[in-house]
Structures are given as C-alpha cells and as structure tokens.
Amino acid sequence: MKYISTRDDSRQYSAAQAIHQGLAPDGGLFLPQELPTLNRDFFERLCSTDYCWRATEILALFLEDYSHEELEHCIQAAYGGGRFEDDRPAPLAKVSESEYFLELWHGPTCAFKDMALQLLPKLLPLAAAKTGCDKETVILVATSGDTGKAALEGFRDVEGTRIQVFYPEDGVSPMQKRQMVTQQGGNVRVTGIRGNFDDAQTGVKRIFGDRNFAGRLEKAGYLLSSANSINWGRLVPQIVYYISAYCDLVADGEISMGEKINFCVPTGNFGNILAAYYAKKMGLPVGRLICASNSNHVLTDFIRSGCYDRNREFLTTLSPSMDILVSSNLERLLFDLCGRDPRQIRGMMEDLRTTGTFRVDEGCWQALQKEFFGAFCNDQTTKATIRGVFDRYSYLCDPHTAVAVDAAAQYRAITGDRARTVIVSTASPYKFAGSVLEALGRENLPEDDFEKAELLEQISGVPVPQPILELRQAQPRFHDCCAPEEMEAAVAEFLTLAP
C-alpha cells in the first residue's frame, strides 16, 4: 500500500515514510492511495479473537512495510502487559436495548488518545530505521487537553526521540493540566501558550513549514514529526476500535452479522470520527455517523450548510478537548468526498488560511450529508445530560461523552432512525470531576481536585482510576508559558539550537 498527500497525489510514499514525516512536504496530510476492502468472512473471523489479534490483522493491511512479527510486537507492547485496565483496551457498556458506550479511556492517561498514542511510539522508531534516518526525531504536539498527556506518556524516554507539547494555558481542565506538567521523562518538555488550541495548532504547523528552521534542525541532527492526528500513525489505530466494537456486538449476540449500526462521536479535530468513516468505507456495516459538537459548532454548521467558517468567537466549554474551530482532519475527508482532487483541496485550504472560510460544491455537500449528521449542545445541556444518564442508567459519563449522548438523541428525534447506536466515550469522568459533580447537583465543592474525585467516587460508586490517584503525589516539573509567536523560540531553547 502506498500513501499520497491530500495536496499532491503525484508522489507516492511508504507507510514508514508517512508515519515518520507526520506531515507531507507540501503541507498536506498523508492518506492511503486506496483503502482495503474487507468482506464478511474477514469480520466473522475477527469475532472470535481478542483486541490485539484484531489490531494486528487490520494494521497489517495498511502498514505493509512492517513485518507481521514487528506489528505483533508493537501491538502487544502497546495494549498488553497491564497497560489497560483488565487488559481490555476498548470495552462496550450496554445501557439500553439500542445504545452502547464504547469506553476508550481505560489506558494509562484515562483518555481515548491512549488507543493510538501507546502504539505510535512503537511504530515511529521502526519507521525511522526503515527510512534510513539517522537523526533524532523531535515530536511537536498541540493539544486541547488529552493528546498532550497521552503523547508525553507514550514517548517518555523512547530512544531517539524528544517531545514538546504546547497546550492552551487556560483552555484545559485542572486534571488535564496536572497530568501534563508533572510528566516524567528525560526527553519531554511541556509549554503553555497564551491562546487557544487553534493558536497552538497553527503555531506547530507554522514551525513545520519554516524552511529556515528546518535547516537549523537538520544541522543540529534533528527531524520534526508529529503525534497529533495529522500523523497517519495516529489515525490508523483508531480504525481498529470501530471494527472491534462491531465484532464484539456480533460475538455477544447483540446484533447479527451484516446489521447496520450507527456511531456517535464527540468531535474536535475530526480524527476520531474520520476513522469510523474509513472503517465504513472498508466494508464495516455502518449506517450514519453522528458528529457531536459543543458550543464551538463549526463542524455542525459545515455539515448542515456546506460552508466551513471559523470566523466566530472561540468559546471555552466544559468539554475542552472539543474546543476547536479548525479541524485539521477534515482535509482528509474533503479529499475523499470531492473526487480526490488535490487542486480543490489546495484551493479550499488556502481560502481557509486567508479568509477563514470555504464552501464545497453541491456534489461534495450531498455526499457529506449522506454520511454524516451534525448536532451540538451547550454547557447547560451537557450538564443536564450527565445528570440524566446517571439518574436513568447509573452510568457516569464525562462532558465530552455527554455531548455525544445528546447528539444521538437529537438524531433519533429528527430522523426516527432506531438503529442500534454506539456512543464513543472518550475520557474518564474523573478527568473532569468538578464539572461532573456540578452536573449531579453538588454545590460548595472542595477546592482540591483529588477531594472532588473522592466525592465523586462516594456518590457514584465508580472507583477513581489508578492513574488519577497517582497524580496526587506528583510534583509539577514544567511552568513555562509563551505567546503563540514565541513557540518556535521555545522549541529552539528546548533543543539548544544554534541561531
């Protein structure tokens, strides 16, 4: 399998090149030249296997320059050995006859980003070796909350790598921030920025596109790469858990093979729901993909109108990992829906850069409408949903998952579709204990975040995850903060680059 860029399909790349480089040289995103097609026999075979076996079989279709033995080793190292609670990376929780939660937060950082960022640090050093690179790889990450900690934990002390994470100083939850600034490891750096996630993401992309800075890095023996979902190595492991969830439903007798189900995904940078779209394109029996947004509902508006417009107020919400106005992975979807025409993509991305908006043509918009349904809710509805889910099912969900629950309800009310729906649960509620407690009607909360977690445990009966408990004794290591335009200087300082 070969890979191309969304902005230039004339050049082919190997999987190792795509993973190691992260971002294409032309500024586009790597994606497969064509997706593999899976048949009923393939899915039936997966039903009787475990998550690691399923991941190996699926990833082998995409990463052909990795041997089967290499993939098995990487996947076992990522998902086995007690890294995930009960050695179950992606369990399903049934809450009603037609609704399930796909819990993706049982890993070491209690967020769905672990599903990819436990694996990518195993794939990337191999990719460097396969491409003949003898430089140290520098991972730059912009995070809206969960990616940062997951990437830091995954790349901690990985030989031949350094990682620097930028996060919005006032745009993450207290627990998310504590997870990052207490990170251990000799090859890590964490820097806050005075701005929002879009500022951080734009800053990282600007660094990638600075040829002068690239020359300084090369001279010093470094090569840039990314652990954000712009990296194909971040996106491809996410395809696995959609296929695995379907196979679990069949194996448990909840659905019959071939029966279509819906997925509802809380969405920020569009990578998570894009993985579901790819799984469907490969042959997974999926009906509609429900794209759930918070008050920063640029994606909902785009799905409903065909016009993408980031020229709006950026809102800080209870679901900070979705506080995004520029969804990078949308570029991959547009490439597919608009006839895989790089010229169109270049035009739309240039319009977005210069004017903050673009519009797709009628054919592309109709294709978008067929595949996706967009819905959003505000913080008040998010809180009401957390309370409603707990009262109705005794199930505790975080604010991002609650947004998806409400979006799924909107979809059913508007369309009348009663197909079984899997709601993607992206984070432990204990990463947002204060918000969840307020949603449950608790007032006069303690100041200390860990006392909040203990109170939530008393109310819900759901144990505080061990990774959260361990943070209590962790001491902050990083206190740096910079303006977005100072991010390149912060990287240079971290790497001690010569002027």
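One-based numbering along the sequence shown. Hydrogens, waters and symmetry mates play no part in the numbers below; they use all other heavy atoms, side chains included.
In this view, Phe358 and Phe302, Tyr308, Leu330, Leu334, Met348, Met349, Asp351, Leu352, Val360 satisfy the side-chain contact (heavy atoms from CB on, under 4.5 Å) rule, not counting sequence neighbours. Applying the salt bridge (charged side-chain N to carboxylate O under 4.0 Å, His left out) rule to Arg11 yields no partners; only residues at least two apart in sequence or on another chain are considered. By the salt bridge (charged side-chain N to carboxylate O under 4.0 Å, His left out) test, Lys205 is found to be paired with no residue, residues two or more places apart in sequence or in another chain being considered. The side-chain hydrogen bond (donor to acceptor under 3.5 Å, both in side chains) search around Thr426 returns none, not counting sequence neighbours. Qualifying side-chain contact (heavy atoms from CB on, under 4.5 Å) partners for Leu440, counting only residues two or more places apart in sequence or in other chains: Ile386, Arg387, Phe390, Leu396, Val436, Leu456, Ile459. A search for side-chain contact (heavy atoms from CB on, under 4.5 Å) contacts involving His106 returns Glu85, Pro91, Glu103, not counting sequence neighbours.
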| request: Applying side-chain contact (heavy atoms from CB on, under 4.5 Å), run through Ser226 and Ile139 and close with a yes or a no. | output: CA-CA 5 Å; Ser226 174; Ile139 311 294; 5.8 Å; no

| Could you walk me through whether Asn329 and Ser229 pass the side-chain hydrogen bond (donor to acceptor under 3.5 Å, both in side chains) check? | CA-CA 7 Å; Asn329 275 289; Ser229 55; 2.6 Å; yes

| query | Could you go step by step and tell me if Glu72 and Thr56 meet the side-chain hydrogen bond (donor to acceptor under 3.5 Å, both in side chains) rule? | reply | CA-CA 6 Å; Glu72 281 186 328; Thr56 303; 5.5 Å; no

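A cation-pi arrangement is not found for Lys177 relative to Tyr167, the charged atom failing to lie both closer than 6.0 Å to the ring centre and inside a 45° cone about the ring normal.
Between Ala151 and Val141, the shortest heavy-atom contact is CB-CG2, 4.1 Å.
Ring centroid separation for the pair Phe263 and Tyr241 does not come in under the 6.0 Å cut-off.
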